2 protein chains.
Amino acid sequence: MRDDDTTTPAANLAMRQAGADADAAHKPRRKASIRASNETHLLACAEAVFAERGFEGASTAQIAERAGLPKANLHYYFPTKLALYWRVLDDVFEEWNAAADTFDASDDPVEAIGGYVRAKMALSRRRPLGSKVWANEIISGATHMQDILLKRVKPWMESRVTLIERWIAEGVLAPVEPRTLLYMIWATTQHYADFEAQIRALSGKRALSAASFDATTDEVVRMILRASGARSPDSRDRSA
Amino acid sequence: MRDDDTTTPAANLAMRQAGADADAAHKPRRKASIRASNETHLLACAEAVFAERGFEGASTAQIAERAGLPKANLHYYFPTKLALYWRVLDDVFEEWNAAADTFDASDDPVEAIGGYVRAKMALSRRRPLGSKVWANEIISGATHMQDILLKRVKPWMESRVTLIERWIAEGVLAPVEPRTLLYMIWATTQHYADFEAQIRALSGKRALSAASFDATTDEVVRMILRASGARSPDSRDRSA
DNA sequence: GTCTATAGAAAGATAGAC
DNA sequence: GTCTATCTTTCTATAGAC
């Protein structure tokens, strides 16, 4: 029951109808879960529309229609289009944040960077719409994301910069500019979500198969590791 | 007279006023150039608005206002919003295409790839708005760009893939997946245009200085060359 | 070529019956 | 919680005077 990523109008309508004829409107047991269910459902649909048309280009009517609901219901759950958009941005950031944690899974730069690249590639595959919403927001000037960028992303980046500089000092990473490396990782991995349509057009295929996406992931990991000059530390030569 | 990249409303209004009081409307000498001048001016303003809000999010009123013109004048020069958008996309592609030529400047992969990365970074710096329009269009599904992608970008990519495969066979490039390398180059270089707002927020600076952009360019070139394992061919060991 | 006025559709949001 | 009807604003595009 609770996988709500159905973003096609048809499936959604069907789902809505299912509960509709339980006409007794006040079963206390279900009240809270109706709200939760409708909110997540609307959020998933909103993510798809915001991804495709950006904040200004998206209309609440389109989102409601995709959700199989009247426009008024959308405004019942989310007072304004902006409030809905904020919730979507927040959701997307939480996943970004989860992937970011993989960077600290190991002190070996090969494992840490490799694992992070893998996590970001997996995210691009699993939730391309979220990545697109993020990209759209940044391209439009990031006006609604200053808080997230300054209070969450910036501190994360700064601590990772310090870590990368330590690796360089220890000789397990080439003397790269840490920010340039991180931007390269973000840009390259997110490209497979954001520029999906271009990749499809250029490859002539309808979609990248799971197998070829995995192969591409391996290749991206190899290339990023080569770019960064990462190597696993010799277990004995660490003098400090 | 003919540098029309002024995209601020104020400057544009001033420019418009200049010619306005030459009230004789039919000097044959000036007719054609008025059209050309207004068209390029509107195109520059449209590029800025489309970059910031995407095709659906942009309004002809905003574009006209930025150009310092009544909305009706915009429709006099460009019949529909879509026609205007197409012209912008076409302009942007022409510059992409010019940068693409640098790939063939040399048969040495270090020079060819390095030069191409430099050209793309320079383009990101010189015309970030164009890059954003492109990115927005792809994120939105590339519906208005299928022609350019299939007839212009795809053939270019395929011939470059062949070239890269030859380099690999000759041993002057690591055995990389050519498409993955090209996507990495595009993603990384365009990131400095498209994600400008994020970079600004994370660096805490208002804008990347010319000097630090040049340093970043050098670093990106080094990292891409390392990722691709490119090396200049020994002048003697070419047996064919 | 320029510009005011406006048509006709679609936008965000709300009222109020159920 | 749901949904029809509607308010107000803004949208693309055009008419028609100058």
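These figures come from a predicted structure and were not determined experimentally. Proteins get letters first, then strands, A, B, ... in listed order; numbering begins at 1 in each.
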Give the B/S/- string for nucleotides 12-18 of chain D, one per nucleotide from 5' to 3', where a protein heavy atom under 4.0 Å of the base yields B, of only the sugar-phosphate yields S, and otherwise -.
BBBB---
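Separating the CD1 atom of B:I63 from the P atom of D:dT10 is a distance of 17 Å, rounded to the nearest angstrom. Between the CG atom of A:N38 and the C1' atom of D:dG1 there is a distance of 8 Å, given to the nearest Å. Atom P of nucleotide D:dT10 and atom CZ of B:R53 are separated by 12 Å, given to the nearest angstrom. One can place CG of A:L69 at 11 Å from C1' of D:dG1, the figure rounded to the nearest angstrom. Separating the CG atom of A:N73 from the C1' atom of D:dG1 is a distance of 7 Å, rounded to the nearest angstrom. Rounded to an integer number of Å, the gap from CD1 of A:I34 to P of D:dG1 is 6 Å.
Stacking of A:R35 on the aromatic ring of A:Y76 is recorded, both the 6.0 Å distance cut-off and the 45° axial limit being met.
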List the steps, then state whether side chain to side chain donor-acceptor pair (under 3.5 Å) holds for A:Q198 with B:W134.
CA-CA 10 Å; A:Q198 178 172 278; B:W134 183 306; 3.0 Å; yes
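Side chain of B:D194 to backbone of A:I139: no donor-acceptor contact under 3.5 angstrom is found.
Using cut-offs of 30° and 60° for the angle between ring planes, the A:Y85 and A:F55 rings count as tilted.
The existence of a salt bridge linking B:K71 and B:E65 is excluded, since no basic side-chain nitrogen approaches an acidic carboxylate oxygen closer than 4.0 Å.
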Got a list of side-chain donor-acceptor pairs under 3.5 Å for residues 149-157 of chain A, not counting sequence neighbours?
unit_1	atom_1	unit_2	atom_2	d
A:K151	NZ	A:D147	OD2	3.2
A:R152	NH2	A:E94	OE2	3.1
A:K154	NZ	A:E158	OE2	3.1

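The side chain of A:Y77 lies closest to D:dG1, out of D:dC3, C:dG1, D:dG1.
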